[in-house]
Amino acid sequence: VVRADGTRVGFHYDGHRSRWRGGGAVVEDGVRAIDVTRTASDELVTLGVDGAVALDRAPGPGPAFTVPGAINVASAPDGAWLAFGLRDRVEVRDRDGGRRWTAPTATAVLAVAISADGRWLATGGSDGTVAIWAAATGALAATVRGHRGRIEGLVFAGADGLWSVGWDGTAQRSDLA
């Protein structure tokens, strides 16, 4: 994970997590995904293979809560909520694990991203489809097709763009304006 200014914050590989600065909470059974809040504190959010969610600023040394079956995680810009991709749905939860909303999906959600203003949530499916959701309500706003394989990564670009990377070896920019 790299901040917008290029500072490296943390990474994971082979089921382990490392952090260049700070530190705190850990997951025990291996790391599935990580993200970092865009606040001044750069809190590292870690998702374990067992669904355990570790937050660096959470009280206590263990996981803050668990999301069984979670595949990926993204943190809201202010760190107040988290989005999770699962095999058959997308979930948005508060920092304490309380569920804000859940929406079913036709395929596994392999990638999640949140816009810089926190208004939009993008999910990438195993069928190559990108879905755009209203982050506050879970209303499906749009779907974007174009990849011939799974979506591997998503990142919002400015106010009206979204990049997606697929297993088909392509990167595509979608104009959301």
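Positions are given from 1, in the same order as the sequence printed here. Below, all heavy atoms of this structure are taken into account, side chains as well, without hydrogens, waters or symmetry copies.
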Original post:
Closest heavy-atom contact between F156 and L121?
Top reply: CZ-C, 4.4 Å
**OP:** Would you sort out whether V53 and F84 count as a side-chain contact (heavy atoms from CB on, under 4.5 Å), showing the intermediate values?
**Re:** CA-CA 10 Å; V53 178; F84 298 91; 3.7 Å; yes
Enumerate, atom names and distances included, each donor-acceptor pair closer than 3.5 Å involving a side-chain atom of residues 157-165, sequence neighbours excluded.
residue, atom, partner, partner atom, Å
S164, OG, H147, NE2, 2.7

**OP:** Hey, can you tell me if W101 and W133 have their rings parallel, tilted or perpendicular (30° and 60° cut-offs)?
**Re:** tilted
Subject >> Closest non-hydrogen atom pair between R89 and V109, with its separation >> reply: O-CG2, 3.7 Å
Subject >> Nearest heavy-atom neighbours spanning D127 and T107 >> reply: OD1-OG1, 3.5 Å
**OP:** Determine the minimum heavy-atom distance between R119 and S115, stating which atoms define it.
**Re:** N-OG, 3.3 Å
Subject >> Common cluster, L82/L86, ILVMFWY with side-chain heavy-atom separation under 4.5 Å >> reply: yes
Original post:
Going only through I, L, V, M, F, W and Y residues with side-chain contacts under 4.5 Å, is there a path from V155 to V112?
Top reply: no
Original post:
Transitively linked via ILVMFWY side-chain contacts under 4.5 Å: V144 with I151?
Top reply: yes
Original post:
Which heavy atom in L154 sits nearest to a heavy atom in V130, and how many Å separate them?
Top reply: CD2-CG2, 3.9 Å
Original post:
Between I114 and P77, is any pair of side-chain heavy atoms under 4.5 Å apart?
Top reply: yes
Original post:
If you look at every heavy atom in T105 and R87, which pair is closest and at what distance?
Top reply: OG1-O, 4.5 Å
